[in-house]
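Inspection log for the structure reproduced underneath, given as C-alpha cells.
Side chains are part of it too, since the values below use all heavy atoms of this structure and drop only hydrogens, waters and symmetry mates. To find a chain, count down the sequence lines: A is the first, B the second, and so on, and within it residues start at 1.
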Amino acid sequence: MKEKFEYRPEDIEQKWQQRWDSAGIFHAEPVSEKPCFYLLEMFPYPSGRIHMGHVRNYSIGDAYARFLMMKGYNVLHPMGWDAFGLPAENAAIAHGEHPRVWTERNIEYMREQLKSLGYSYDWRREFATCDPEYYRWEQEFFIKMMEKDLVYRKESLVNFCPDCNTVLANEQVEGGCCWRCGTEVEFRRLPGWFMRITRYADELLESMEELREGWPERVLTMQEHWIGKSEGLEAEFPVADSDLKIRFFTTRPDTIFGVTFMAMALEHPLVEEVSRVGGKEKEVQRFVSESLRKRVSGEMDEALEKEGVFTGAYCINPLTGERVPIYVANFVLMEYGTGAIMCVPAHDQRDFEFARRYRIPIRLVIQRKSEPLREDKLEEAWEGGGYLVNSGRFSGMESEAAKDAIIRYCEENNMGKRAVNYRLKDWGISRQRYWGAPIPVIYCDDCGTVPVPLEQLPVKLPDNVEITGKGRSPLAAHPEFVNTTCPRCGRAARRETDTMDTFVESSWYFLRFASLNNENRPFDTDEVHRWMPVDQYIGGIEHAVLHLLYARFFTKVLRDLGYINVSEPFKRLLTQGMVIKDGAKMSKSRGNVVDPDDIIKRYGADTARVFILFAAPPERDLEWSEAGVEGVYRFLQRVWRVVNVLNDRVLGSINLEEGEAGKEFVNLRRTVHKTIKEVTEEFLTRLHFNKALSHLMVLLNELNRIAETQKITTTGDREAVHEAVECFLKMLAPFAPHIAEELWERTGGKGFVSIAEWPVYNESLIKEEVIKIPVQVNGKLRGEVEIPVNAGKDEAFEMARTVPRVQRHLDGKEIVKVIFVPGKILNIIVKSQ
RNA sequence: GCCGGGGUGGCGGAAUUGGCAGACGCGGCGGACUCAAAAUCCGCAGGGGAUCCCUCCCCGUGUGGGUUCAAAUCCCACCCCCGGCACCA
C-alpha cells in the first residue's frame, strides 16, 4: 500500500519510453487523412553531451508536439545531428582521435540522453550531416549553383581566425573576434568560394512581410539591419589631370553641391595611381601601411581617430566644376559601396570631424526649416532635411525632392545612376578544414576549374588523414585525395581541398527530415511539399542572422533550381531564452553548469521537463534554481499521491446513489473545464507553458482538497472525479509524459495517454449563475458583492449599496454616477454634500 | 550613438481589447503528525499605520507628469538593465 503512493520515476520512465518506441506512436505518416504539422527544433551539434539549453529547446518543442498529436494532427517531429564542425577536429588534435569516431560516439551518447528525456521524435528520420548520403546532395546543389552562377570563386580579403586556422564569414565575426573561439580575427587575402546571397537580398527583404505574423519582430529587424539596403546615387568624379575616375555611392545626392573633398579606402585599388597623379606616393604609402598595421593589431578599436592623408590629386565635381582634394582616409570602408566617398562635412558628422581636423572647408547646402543654420557657426553636421541652398539650379528645393532631381540630372548627363547598396555581402563558404563537406571541384591545368560530374558524387572525405592542426589543412596534405584526373580531358588534376561552411548543411536539413524515402535523391519532392514549410521552428536567438538567414536564402535557391516550390522555410519561429545560473550563462569556465544527466538521475525526466517549462515563459532567460526543481518534484509526487488516492476512492465507491453531482463536485467540474480552456489557450497562442502548468497546479490543489475532505456519494460525484482525473492526466501528458502514462494506465485509461484525444471544455459548465464582483467608491475598492451573472446595472447597484462597508462610504454623499461593467466591476462616484 | 526587449513582493513569475495588482511556485513564518528530526499535510504572508480579535484606513507595478469614473496596462518626458548593430557614406 505504501509503495503504491511513492512516486519513483526510475521505475516508470524507461518503461514508457520503450513502449512508445515499440508502438511507433510518434511516427509521422507520409500519407494521412489528418492535417499535417511540421514542428522542428534546431538540431544539435554533437559536442559530447546535451546541455540545459537543449533540454529547454526540446522540452518546449516536445510539449507542443505532443499537444498537437493529441489534437489529432499528423505531426512531423524529427531529430538529427549537425555533425560537421571544428570541435571534432580540435578533439582530434588534442586526443588523436578521428573526428568521425569522436562524432559518432557523441551522437550515440546524446541520442540516449534525448531518449531518456522521453521526447516524441520520429527516430526513423534521424541522420547526421556528416553522412556521405547527406552531404553528397549538398555537393550536387553546389554544382547546380555553379551552373547558375550562384556560387563563384574569387580572391578576397577575408576574416581569418589564426587559432581555428580557417576563414570566417562576416556573420561569424563578433566584435573583431572569432564567434567560436574568441581569438582576434586577422585579414588575409585568400581565394575562396562564395555563394551569391546578395542576388537574393531584395527577395530576402521583401518576403519578410510573410513572416511578420509568425516571427519575433526583433529577429526580423536584425535581418533587415544585416541586409542593410539603402538607395541613392552611384556616380563618378573625374580626377583632374588624368584619365582616372573615382566611383562612389551616396544616399545623400541632395548634398552633392556641398562636397569639399573626396576620400578613398586604404585598400582602394586606385590609391597608388591617384597619389602618383598628385605626386605624393610616398606619404600616401606610408600612411596606408601604418593604418593597416594599426587595424590588424587592433589599436583602432573604440575611440578611433579619423585620420587621412592628402593624395595631392583633385577631383572635378561636374555639377559645380570645382576641384576638390582627394584624401585616403582610415574611416572609409572598402567592403561597402565602391570603397570611395564624396564628403560633405556640413551634412555628415564623420566628414565634419575629418574636415575640422584637416582644415577642409565646410559648405552649408541644406538649410533647415526651424532655426536657420549658419555656415560659420556649425558645431556639428546637420544630417536632417530641409531645403537646398548654394546648389545652383536645385537651390530652394526640398531635400527629398532634390535627391530625385539630382539623380535624374546625373543620369541625363552621364555622371551616374540611381543605385541600391547592401550591407550584406556574398557568403564565403570555403573553410580550410578537414571535417566538412568537400567542395566538389577539380582544378585542371588545361581545363581550369571543373565541377565534379554528378555521377561521381559524393566526393567522400577520406578517413585516413593525419590531423595535426598545423600547416595546411589535412586534405591538402593528402595526396590520394588531392591528385585526381580531370573529368573533361582525363589528364592529371587536383581536387579543391576546402570544405564547406557547416551552415550549408543546416540550410536544408529540414527538407531531408521531411522525406522518408531518399533513394537516389536529396528528398522526395511530394513528401517535402506535404510538410513544408515548417509550421513551427524553435531555437536559440543566437541564430537570428546566421543560420536563419542562410536557411531562407538556401530555400529560395533550391526553389529556383527546381527542387521545391517553397520560398520560406519557417512559417513561425520561437526563439527561446538562455538557461542561466547565478545570473550568467552556464559555462565550464564559470563552473556553473548543471548537467541534465544529474537531474534526470535524481528527479527523473518529467521533473526536468516540467521545471524548465515552469520557471519562465519560453522567450525569456531562465534562471536555474535547485529549489525550484525540488518544488516541481514535490508537485509530481503530489500528482502521484492524489491521483492514486482518488482512483482508489472511485474504485471503492460501491452502492452509490444514482444522481447528480453534489455542489463540491459541480465546482470541481467548473475548475476542470476552466483549466482545459486556459491550458488549451496557451497551446494555441503564446506557448507560455509556465502559465499552463500553474493552472494544472491549481486543479491539482482542488483535487487534493476534494480527496481530503469530500466523500463520493452519488454516481454524479464519481463521474465528476473520473472526468477530472482523466482531463488532468491528459493535460499533464505533454509536459510530464511518463507519470501521465503510468497513472493513465493505473486509472484504467485506454491506450496511450500520449495520443489520447485532447479534452474539450464545455462553456456552460464554466459559467456561474452568481458571481462576485468588486465594488469601488470613487475608484477605490470598498468591498465586493454577489450578483446574478446576468444582473443589470441597477440591480447590481441596489445590491452593492447594502454592503456595509460600501454603505459607509456612500453615507451622506450625493451619488453622481454609477459605472457598471458586467462581470468586471461596479464603480460608484459620489461627491460630498 | 542607433535599433529591439525589459524594469511588478525576499526570489522566479501572473494579471495587456484599461476594471479586485501579486495567480502558481520557491524561500519564510506558524501549526498538525513524531520521543525527536526528515518527509508529508494544513494555515499565514506587498509595505505602513489605526484598532484590539470584529475589523478599518493610507501607500504601492523604475522616476516625474498627463488622459480616465478607473492605469502595471494608454500618452509625454526621463532613468536603469539586457541583447543586437556600430564609421554602411
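For A/M697, counting side-chain heavy atoms from C-beta on, the closest listed nucleotide (B/G12, B/C85, B/G25) is B/G25. For A/I825, whose side chain is taken as the heavy atoms from C-beta onward, the closest listed nucleotide among B/C59, B/G19, B/C42 is B/G19. Distances from the side chain of A/A627 to the nucleotides B/G27, B/G19, B/C88 place B/G27 closest. Side-chain proximity of A/Q776 to B/U40, B/G19, B/C85: nearest is B/G19. Listed candidates were B/C56, B/C85, B/C24. Nearest to the side chain of A/R805 is B/C56. The side chain of A/N827 lies closest to B/C69 when the candidates are B/G25, B/A21, B/C69. Distance from the side chain of A/A616 is smallest to B/G13 among B/A23, B/G13, B/A15. Considering only the side chain of A/R808, B/C56 comes nearest among B/A21, B/G13, B/C56. Looking at the side chain of A/K817, the nearest of the listed nucleotides B/C58, B/G4, B/C69 is B/C69. When distances run from any side-chain atom of A/M222 to the nucleotides B/C24, B/G84, B/A14, the shortest one goes to B/G84.
For the pair A/V219 and A/M222, the minimum side-chain heavy-atom distance is 4.5 Å or more. Side-chain contact between A/T198 and A/Y422 is absent, with no heavy atoms from C-beta onward closer than 4.5 Å. Residues A/V639 and A/F728 have side chains in contact (heavy-atom distance under 4.5 Å, counting atoms from C-beta outward).
Between B/A77 and B/G22, the two P atoms lie 32 Å apart (nearest whole Å). Rounded to a whole angstrom, the distance from the P atom of B/U73 to that of B/G6 is 14 Å. Rounded to a whole angstrom, the distance from the P atom of B/G7 to that of B/U63 is 13 Å. For the P atoms, the distance from B/A45 to B/C2 is 48 Å, rounded to whole Å. Comparing B/G60 with B/G49, their C1' atoms are spaced 14 Å from each other, to the whole Å.
Within the 4.0 Å cut-off from OP1 or OP2 of B/C88, not a single side-chain nitrogen or oxygen of A/K425 is found. For the pair A/R620 and B/A14, the criterion of a side-chain N or O lying under 4.0 Å from OP1 or OP2 is met. Between B/C41 and A/R641, a contact under 4.0 Å exists linking OP1 or OP2 to a side-chain N or O.
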Worksheet item: Dot-bracket for RNA chain B, 5' to 3', counting Watson-Crick or G-U wobble pairs under 3.5 Å, with [ ] for crossing pairs and | for inter-strand pairs?
Response: (((((((..(((......[....))).(((((.......))))).(((((....)))))..(((((..]....))))))))))))....

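Around atom CD of A/E209, more than 12 heavy atoms belonging to other residues, nucleotides or ligands sit under 6.0 Å away.
Under 3.5 Å, the side chains of A/D606 and A/Y633 contain no donor-acceptor pair of N or O atoms. Side-chain contact annotation: A/H688 with A/E619, donor-acceptor N/O pair under 3.5 Å present.
No donor-acceptor pair under 3.5 Å is formed between the side chain of A/H543 and the backbone N or O of A/G539. The closest donor-acceptor contact from the side chain of A/T338 to the backbone of A/R247 lies under 3.5 Å.
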